[in-house]
Amino acid sequence: MAERGAHITTASPGDDRPSIFEVVAQESLMAAVRPALHHVVKVLAESNPARYGTLWRWFDELYTLLDLLLQQHYLSWARASFSENFYGLKRMTEGSKSGLRPLRRKEYWKSLLLLVLVPYLRMKLEKFVNKLKEEEDYSIHNTTSFRKRWYKAILATYPFVKFAWEGWFLFYQLRYILWNARHHSPLLKIAGVQLTRLTLEDLHAMEKTTAKTSSGQANDSMGQRMKDTMKKVLGGVALSVSSSLSLGVFFLQFLEWWYSAENQDTLKSLSTLPAPPPPIHFDLETYSPLLPKLKTVCPLCRKIRVNDTALGTSGYVFCYRCAYYYVKTHQRCPVSGYPTELQHLIRLYTPDG
């Protein structure tokens, strides 16, 4: 039995096709980077909302831009993504025999778009569905409205779409393991490339490319020099980022496990937001411009509160409607500025009902 299953984890001496563990490991590498950086930015935003709040709100777009620079650099230099190069793999045009020939322009752009755009769109779709779930639980829309029915249709369809997507990738991995297929992922099939191991000739070619780029040519035109300078700057940024990621890759993988969905309940009890500072008038006998003098007045609408609702992140009390629409729009507490979401709204009830 062991001899029959040995081909699953090992390759023959003449086969440069990577094992299933290598391809799965390189995919999990980039999947571990984003949650770790996301948590770091979240901690910074909670500690100083005024300075890092913008970074938290635009994290997805900034991370996608950083990922674009990183993947573009490695595809141009090593014919592989960052994670593939980290595990000693490269991309070859499907059916090509020359390992030193770079990817064609068509395969290059298809690989770059699939590496960067697909994870971004998938993450945005998941956030959109989670937002719909929150509105389904906390919204006050009429249940017979078209918008409400449309939300329910999306929520009912999304699990099947996600199941089909995951099943598609699982089918390719099974083909790769059991029937020695050339692609472990349908995205590689769409890009028209396949993964192989780096050879000694590939490493020498990469070193020559780096030396040629650093030396430059004295007879280039001004436009060509500016273009080369921009490439060097972008390459330097991508190289510095990749070096940092290479050093911290195992630490990031540990963070990805630590902050995975299975550990969220434990983390919520261990890591809580800091208590907001007391209102100014408690110490200086002056009134904050955001807080009314009367305790029964809502800080947002400046009227007597209706359906008292407290924010779990700060403890301040507002009208339910005021707090709901403000948090939905700004994702923060209007008084303390702490990052807040709809599930942090807590309805308050008096003893007399």
(message) What's the separation between atom CG in L69 and atom OG1 in T64, rounded to the nearest 0.5 Å?
(response) 11.0 Å
(request) Using the rule that two of Ile, Leu, Val, Met, Phe, Trp, Tyr join whenever any of their side-chain heavy atoms come within less than 4.5 Å, decide whether Y325 and L342 are in one cluster. (result) yes
(request) Evaluate the side-chain proximity of K90 to T196: yes if any heavy-atom separation is below 4.5 Å, no if none is. (result) yes
(request) May I have all residue pairs that pass salt bridge (Lys or Arg N to Asp or Glu O under 4.0 Å) and include part of residues 26-35, sequence neighbours excluded? (result) R34-D60
Please table the atom pairs, donor to acceptor, closer than 3.5 Å between any side-chain atom in residues 107-124 and protein atoms at least two apart or in another chain.
| from | atom 1 | to | atom 2 | distance (Å) |
| --- | --- | --- | --- | --- |
| E107 | OE1 | R104 | NE | 3.2 |
| E107 | OE2 | R104 | NH2 | 2.7 |
| Y108 | OH | Q72 | NE2 | 3.3 |
| Y108 | OH | S76 | OG | 3.2 |
| K110 | NZ | I190 | O | 2.7 |
| S111 | OG | R91 | NH1 | 3.1 |
| S111 | OG | E107 | O | 2.7 |
| Y120 | OH | E61 | OE2 | 2.9 |
| R122 | NH2 | E166 | OE2 | 2.4 |
| K124 | NZ | E61 | OE2 | 3.2 |

(message) Connecting only ILVMFWY residues whose side-chain heavy atoms lie within less than 4.5 Å of each other, what is the rest of L174's hydrophobic cluster?
(response) L170
(request) Taking all heavy atoms of S336 and all of S314, pick out the closest pair and write down the distance. (result) OG-CB, 3.4 Å
(message) Between L178 and L188, is there shared hydrophobic-cluster membership here, with clusters defined by ILVMFWY side-chain heavy atoms closer than 4.5 Å?
(response) yes
(message) Do L155 and K133 have side chains that approach each other closer than 4.5 Å (heavy atoms only, starting at C-beta)?
(response) yes
(message) Which residues pass the side chain to side chain contact (heavy atoms under 4.5 Å, CB included) test with Y158, not counting sequence neighbours?
(response) L125, E126, V129, K162
(message) Membership question, hydrophobic clusters at under 4.5 Å side-chain separation (ILVMFWY): are L75 and L68 in the same one?
(response) yes
(request) Could you tell me which non-hydrogen atom of P35 sits nearest to which non-hydrogen atom of A31, and how far apart they are? (result) CD-O, 3.0 Å
(message) Let me check something: do V33 and Y87 share a hydrophobic cluster, defined by ILVMFWY side-chain heavy atoms less than 4.5 Å apart, either directly or through other members?
(response) yes
(message) I'd like to know if the side chain of S83 reaches the main chain of S81, judged simply by a donor and an acceptor atom lying under 3.5 Å from each other, with no hydrogens or angles considered.
(response) no
(request) Under the salt bridge (charged side-chain N to carboxylate O under 4.0 Å, His left out) rule, what do E22 and R197 come out as? Steps first, then yes or no, please. (result) CA-CA 10 Å; E22 290 175 302; R197 290 190 177 92; 2.9 Å; yes
(message) Rounded at 0.5 Å granularity, tell me how far CG in L62 sits from OG1 in T54.
(response) 9.5 Å
(request) Hey, could you give me the CG/NE2 distance between L195 and H184, rounded to the nearest 0.5 Å? (result) 6.0 Å
(message) Any heavy-atom pair between the side chains of R347 and N307 that's under 4.5 Å?
(response) yes
(message) Can you tell me how far apart SG (C319) and NZ (K303) are? Round to the nearest 0.5 Å.
(response) 9.0 Å
(request) List the steps and the verdict of ring pair (Phe, Tyr, Trp, His ring centres under 6.0 Å) for W165 and F169. (result) CA-CA 7 Å; W165 176 268; F169 280 77; 5.0 Å; yes
(request) Sequence neighbours left out, what pairs pass salt bridge (Lys or Arg N to Asp or Glu O under 4.0 Å) with at least one residue falling in residues 49-58? (result) none
(message) When you compare the side chain of P292 with that of P299, does any pair of heavy atoms fall below 4.5 Å?
(response) yes
(request) Could you please spell out the steps behind the side-chain contact (heavy atoms from CB on, under 4.5 Å) verdict for T340 and H330? (result) CA-CA 9 Å; T340 306; H330 302 282; over 6 Å; no
(message) Do K42 and P339 have side chains that approach each other closer than 4.5 Å (heavy atoms only, starting at C-beta)?
(response) no
(request) Evaluate the ring pair (Phe, Tyr, Trp, His ring centres under 6.0 Å) criterion for residues F59 and H38: first the C-alpha distance (whole Å), next the side-chain angles of each, then the deciding distance (0.1 Å), finally the verdict. (result) CA-CA 7 Å; F59 172 81; H38 187 268; 5.1 Å; yes
(message) Is any side-chain heavy atom of L311 closer than 4.5 Å to one of I346?
(response) no
(request) Supply the atom-to-atom distance L345 CG to F318 CZ, rounded to the nearest 0.5 angstrom. (result) 9.5 Å
(message) With heavy-atom distances below 4.5 Å as the criterion, would you say the side chains of Y172 and S185 are in contact?
(response) no
(request) May I ask you to check whether over 12 heavy atoms, not counting those of K106, lie within 6.0 Å of atom NZ? (result) no
(request) Could you walk me through whether Y176 and H183 pass side-chain contact (heavy atoms from CB on, under 4.5 Å), step by step? (result) CA-CA 6 Å; Y176 190 83; H183 307 96; 5.8 Å; no
(request) Keeping the roles fixed (side chain from Q71, backbone from F82), state whether a donor-acceptor pair exists under 3.5 Å. (result) yes
(request) Determine whether N180 and R17 make a side-chain contact, defined as any pair of heavy atoms from C-beta on separated by less than 4.5 Å. (result) yes
(message) I need the L187 CG to K189 NZ distance, nearest 0.5 Å.
(response) 13.0 Å
(request) Just jot down the side chain to side chain contact (heavy atoms under 4.5 Å, CB included) partners of V317, sequence neighbours excluded, or say none. (result) R305, D308, A310, L348
(request) Look at the side-chain heavy atoms of Ile, Leu, Val, Met, Phe, Trp and Tyr, link any pair under 4.5 Å apart, and say whether V24 and F21 land in one connected group. (result) yes
(message) Can a donor-acceptor pair be found, under 3.5 Å and without considering hydrogens, that links the side chain of S47 to the backbone of L44?
(response) yes
(message) Show, in sequence, the C-alpha distance, side-chain angles and deciding distance for F86 and Q26, and conclude whether the side-chain contact (heavy atoms from CB on, under 4.5 Å) test is met.
(response) CA-CA 8 Å; F86 184 84; Q26 65 87 16; over 6 Å; no
(message) Test side-chain contact (heavy atoms from CB on, under 4.5 Å) on E84 and Y74; report intermediate values, then the result.
(response) CA-CA 9 Å; E84 291 164 356; Y74 271 89; over 6 Å; no
